[in-house]
Amino acid sequence: MYFESLGALWDMAGHGPYVWSSYGLFFALLCLNVWHARSQKLKALKQAKAFVRRNQ
Amino acid sequence: MTQSIWRMPRWFHQMGSPKWFYGFGGSLQPWFALAAFVLLTWGIVWGLAFAPADYQQGNSFRIMYVHVPAAILSQSVFLGMAVAGAVGLIWKMKVAFMVARSCIAIGATFTVIALLTGAIWGKPTWGAYWVWDARLTSTLVLLFLYAGVMALNQAIAERQIAGKATAILAIVGTINIPIIKYSVEWWNTLHQSSSFTLTAKPSMPADMYLPLLLTVLGSYCLFVLVVLMRTRTQILQTQSGTSWLMQHRDITGV
């Protein structure tokens with residue numbers, strides 16, 4: 001590891017708040033996108049199954 | 001002669017079939033999910049903890065490993081959306097319009113990430129979160145274009161007409177992409193030039209450059225994954241009465 005300790009990794013010589021908030025945003029927004037796509041897919045699957053049941 | 005130019009290969013026509021796309025897309029999805037997870041985790045751990053600090057910017061340069069992939073993807077996704085829209089317009093493929101629609105939210109997300117992480121990076125580097133620099137302003141215009149495409153797509157209830165209108169706006173909007181790319185050369189800007197090109201040798205050492213390559217590739221895989229998921233969802237929504245879907249194992253569970 002480039003840093004001497006986990007504390008130094010967290011602090012990043014004073015740049016920690018900038019770096020960690022950027023990574024947090026990247027992950028939060030991309031996870032939100034995947035979660036939304038997945039929940040829409042599950043909803044559509046449920047509706048398609050209900051359609052098939054109604055028409056059987 | 002004209003006919004031979006416009007005759008497309010078999011796989012191209014297959015891609016236009018909702019049934020084929022649903023099945024093939026479903027088999028690709030887990031691989032793209034795995035690739036996105038591995039590449040992003042590998043690139044980010046390497047970039048955050050193992051890459052050396054920049055001699056000028058110190059540790060704030062590590063923001064590059066999320067900012068640059070987001071910025072590259074924000075433009076690539078817009079181009080991809082315009083190409084899918086053009087395919088839909090030219091060959092009248094419904095699936096192509098669905099793919100274009102699937103690009104909107106993920107493209108807008110990458111643009112928001114690029115703008116926000118760029119603003120955060122700007123503070124320790126330039127001393128300001130925002131400057132009306134050509135690169136930043138043209139990227140903000142890109143976000144407005146995504147918002148316009150999204151609003152237009154949702155405002156029209158008839159899916160085919162919405163697809164056509166979205167495609168035209170996306171094609172016209174691509175004029176902004178070369179403006180973003182060359183803004184750092186055409187105008188005097190605070191923003192640095194490209195950290196990453198396909199044609200030139202990287203100016204950074206491999207320890208700094210390779211994590212970036214991994215996060216860019218991982219972001220592309222994540223984009224493909226989300227587009228596959230959203231396109232398959234639209235196929236489920238629009239094909240619910242068809243016999244192939246009623247007999248598909250996703251619906252029957254067998």
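The figures that follow rest on heavy atoms only: side chains count, while hydrogens, waters and symmetry mates do not. Below, chains carry the letters A, B, ... as their sequence lines are ordered, and counting in each starts from 1. Everything numeric in this text was worked out from a predicted model, so none of it was measured.
- Side chains of A:F3 and A:M12 form a contact here, defined as non-hydrogen atoms less than 4.5 Å apart.
- Looking at B:A53, both its backbone and its side chain come within 4.5 Å of chain A, counting heavy atoms on both sides.
- Contact annotation: the side chain of B:M93 never approaches that of B:V99 to less than 4.5 Å [non-hydrogen atoms, C-beta and beyond].
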Give the table of side-chain donor-acceptor pairs shorter than 3.5 Å for residues 33-50 of chain B, with sequence neighbours excluded, one pair per line with atom names and distance.
{"unit_1": "B:T41", "atom_1": "OG1", "unit_2": "B:F37", "atom_2": "O", "d": "2.6"}

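- Put simply, the residue from B:I106, B:V227, B:V149 that forms a side chain to side chain contact (heavy atoms under 4.5 Å, CB included) with B:M81 is B:V149.
- B:T125 places no side-chain N or O within donor-acceptor distance of the main-chain N or O of B:G122, the cut-off being under 3.5 Å.
- Contact check for B:Q234 versus B:F97: no side-chain heavy atoms found under the 4.5 Å cut-off.
- Taking CD1 of B:I120 as the reference point, atom OG of B:S60 lies at 12.0 Å (rounded to 0.5 Å).
- Only the side chain of B:S219 comes within contact range of chain A, with at least one heavy atom under 4.5 Å from a heavy atom of that chain.
- Other residues, nucleotides and ligands contribute only 12 or fewer heavy atoms inside 6.0 Å of the NZ atom of B:K94.
- For residues 108-116 of chain B, a heavy-atom distance under 4.5 Å to chain A picks out B:T109, B:F110, B:V112, B:I113, B:L116, given by residue number.
- Between chain B and the options A:H15, A:H36, A:R38, heavy-atom pairs under 4.5 Å are most frequent for A:H15.
- From B:R232, atom CZ reaches atom CG of B:D250 across 6.0 Å, with rounding to the nearest 0.5 Å.
- Taking 4.5 Å as the limit, some side-chain heavy atom of B:S74 sits within range of a side-chain heavy atom of B:L142.
- Close approach to chain B, defined as a heavy atom under 4.5 Å from one of its heavy atoms, is seen in A:A44, A:L45, A:A48, A:K49, A:F51 of residues 42-51 of chain A, taken by number.
- Among B:Q239, B:M229, B:Q237, B:Q57, the residue making the largest number of heavy-atom pairs under 4.5 Å with chain A is B:M229.
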Anything under 3.5 Å between a donor and an acceptor, one on a side chain of residues 24-31 of chain A, the other on a protein residue two or more places apart or in another chain? List them.
none

